[in-house]
2 protein chains.
Amino acid sequence: MTRPRPLRADAERSVRAILEAAEQVLARDPAASMEQIAEAAGVARATVHRRFATRQALLDAMATDVVRQLDTLIDEGRPETAPPMVALHRITAGVLRLKLAWPFAMASSMDPTSPMADGQRRIADRCEDLMRRARDHGLLAPTADLTWTRQVYYALLGEAAHATTEHDPDALATLVLDTLLHGLGPKSE
Amino acid sequence: MTRPRPLRADAERSVRAILEAAEQVLARDPAASMEQIAEAAGVARATVHRRFATRQALLDAMATDVVRQLDTLIDEGRPETAPPMVALHRITAGVLRLKLAWPFAMASSMDPTSPMADGQRRIADRCEDLMRRARDHGLLAPTADLTWTRQVYYALLGEAAHATTEHDPDALATLVLDTLLHGLGPKSE
DNA sequence: GTGAAATGATACATAAGTGTTGCAGTTAGC
DNA sequence: GCTAACTGCAACACTTATGTATCATTTCAC
């Protein structure tokens, strides 16, 4: 699963360059060829195949990478111990940062046919756990459906990453959570 | 742009079968081949190419079809004259019906590289006009950003179409609009 | 410095999809 | 019923991407 043997420094550099180039190119055109990725990475196509045996292997590596970052990011948000609103804001801002930097990898890791599907399911479960805590703390309506809540939360994250005016992760996180909790209706209901 | 000459009945039947088969097949796998689409439609691959010169032409036809349905659906919702909440609910339910029946076509018509991009922009404008009316009527907060509001609305429509428990367009529309306006927080804020 | 690892360049084999054409048989329209 | 349109089937040419292999050259690790 992991590297059978450690890579040399130049090979490691190639791996990084390819992963980052793939993100750039595939975000623009998900059907882009290995050739285009290689060119963007500044390496020969053969080298891409040396580091990633198949196209699928490259895509999997991107998804794995981003899911790992997501995992540590959630850990650091202390979703089980910190006040729900604090954890929510920290995690939301972190996810937005990731989404802004790795939009393609983030999107492809959500694909249920991806080998990271169980990783995403685990993350979704942790997300729903946090939502449950938020509900218990009175942050969400007692009647709120946790699955729907998480769906809406994911959707808002996706839209916020596409926002045209604002690009600061913290400001966007505030917008996302405010919208999630209060909607867009008037304050005096 | 439109048909230079009227199609015979059997040809018209083929067109319909191909469009519906394409929706079924492409929703499952967006990279599915013309061969798979032809098989699902119960026609020969050559026939698909006779009705739609290129793959792109088929995709365009699907997008055009769904955008036209979207247009009439919005017209029938009377977004300029009916009470905003009524129009919103009617249109929302209609869009959800379309999304449930033509998920792939609806998604692909949103693609900005699609030739229907201007059609979608026009629809987005009408949507924002309706949002503006809703805001003027006090349905939305006076500070609500109309672009963000529309983005959130679109996202909620997308998620509602993927909802697992509920599949009735009207119930889903209620859920979408309630979430849009009030969020998921507790009632007493 | 020496050897192993990595790279670029090039060529090759393979596979798959796309779009076209010709022809024989059928189907719809008048 | 006659004609033109349509279809299935098969073959074809063309394009494109993928993955592999070879070899000379460069770069890293020790």
Side-chain angles (χ1 to χ4, degrees), chain A residues 2-64 104-105 108 111 113-115, chain B residues 2-64 104-105 108 111 113-115:
Chain A
T2 49
R3 331 264 176 225
R5 70 164 182 283
L7 291 178
R8 229 172 63 175
D10 46 0
E12 200 75 58
R13 215 179 312 139
S14 292
V15 168
R16 295 284 310 173
I18 292 167
L19 288 174
E20 286 170 16
E23 171 59 42
Q24 297 298 323
V25 172
L26 293 175
R28 229 180 240 282
D29 173 18
S33 65
M34 301 289 267
E35 178 68 52
Q36 293 173 264
I37 295 171
E39 186 185 11
V43 302
R45 187 171 67 92
T47 298
V48 178
H49 277 100
R50 287 194 190 96
R51 299 295 129 232
F52 304 96
T54 70
R55 177 191 183 82
Q56 192 55 46
L58 171 57
L59 298 181
D60 292 352
M62 295 175 72
T64 303
F104 175 84
S108 81
D111 182 351
T113 70
S114 151
Chain B
T2 49
R3 332 263 177 225
R5 70 165 180 283
L7 291 178
R8 228 173 64 175
D10 46 1
E12 200 76 57
R13 217 177 312 142
S14 293
V15 168
R16 296 285 308 174
I18 292 166
L19 287 174
E20 287 170 16
E23 171 59 42
Q24 297 298 323
V25 172
L26 294 175
R28 229 181 241 282
D29 174 17
S33 67
M34 301 289 266
E35 179 68 52
Q36 293 173 264
I37 295 171
E39 186 185 11
V43 303
R45 188 171 67 93
T47 298
V48 178
H49 276 101
R50 286 194 191 95
R51 298 295 130 230
F52 304 96
T54 69
R55 177 191 184 82
Q56 193 55 45
L58 171 57
L59 298 181
D60 292 351
M62 296 175 71
T64 302
F104 175 84
S108 81
D111 183 350
T113 71
S114 152

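Lettering follows sequence order; numbering is per chain, from 1.
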Could you grab the distance from atom [atom1] of [X] to atom [atom2] of [Y], nearest 0.5 Å is fine?
{"X": "A:Glu23", "Y": "A:Ile37", "atom1": "CD", "atom2": "CD1", "value": "10.5 Å"}
{"X": "B:Leu59", "Y": "B:Thr54", "atom1": "CG", "atom2": "OG1", "value": "8.0 Å"}
{"X": "A:Asp10", "Y": "A:Thr47", "atom1": "CG", "atom2": "OG1", "value": "10.0 Å"}
{"X": "B:Glu12", "Y": "B:Leu7", "atom1": "CD", "atom2": "CG", "value": "5.0 Å"}

Candidate nucleotides [options], ranked by approach to the side chain of [X] - the nearest:
{"X": "B:Arg50", "options": "C:dG19, C:dA9, C:dG22", "result": "C:dG22"}
{"X": "A:Ala11", "options": "D:dT18, C:dT7, C:dA28", "result": "C:dT7"}
{"X": "B:Thr54", "options": "D:dG19, C:dA6, C:dG19", "result": "C:dG19"}

Between atom [atom1] in [X] and atom [atom2] in [N], what is the gap in whole Å?
{"X": "A:Arg13", "N": "C:dA5", "atom1": "CZ", "atom2": "P", "value": "18 Å"}
{"X": "A:Asp10", "N": "C:dG8", "atom1": "CG", "atom2": "P", "value": "10 Å"}
{"X": "A:Arg55", "N": "D:dA17", "atom1": "CZ", "atom2": "P", "value": "10 Å"}
{"X": "B:Leu7", "N": "C:dT27", "atom1": "CG", "atom2": "P", "value": "19 Å"}
{"X": "A:Phe52", "N": "C:dA6", "atom1": "CZ", "atom2": "C1'", "value": "15 Å"}
{"X": "A:Arg51", "N": "D:dT18", "atom1": "CZ", "atom2": "C1'", "value": "18 Å"}
{"X": "A:Arg8", "N": "D:dC30", "atom1": "CZ", "atom2": "P", "value": "11 Å"}

(message) Give the residues of residues 30-49 of chain A touching DNA chain D, defined as any heavy atom closer than 4.0 Å, sorted by residue number.
(response) A:Ser33, A:Met34, A:Arg45, A:Ala46, A:His49
(message) My understanding is that only one of B:Met62, B:Met34, B:Arg13, B:Arg51 makes a side chain to side chain contact (heavy atoms under 4.5 Å, CB included) with B:Ile18; could you say which?
(response)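 Among the candidates, only B:Arg51 passes.
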(request) Kindly say whether B:Arg45 contributes a backbone atom to a donor-acceptor pair with the side chain of B:Glu35 at under 3.5 angstrom? (result) no
(message) Please compare B:Ala9 and B:Gln56 by the position of their nearest nucleotide in DNA chain C and report the one closer to 5'.
(response)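 Final value for this comparison: B:Gln56.
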(request) Would you indicate whether B:Glu20, at its atom CD, is surrounded by more than 12 heavy atoms from other residues, nucleotides or ligands within a distance under 6.0 Å? (result)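 Correct, the count exceeds 12.
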(request) Using only side-chain N and O atoms of B:Ser14, determine if any of them is under 4.0 Å from OP1 or OP2 of D:dC6. (result) no
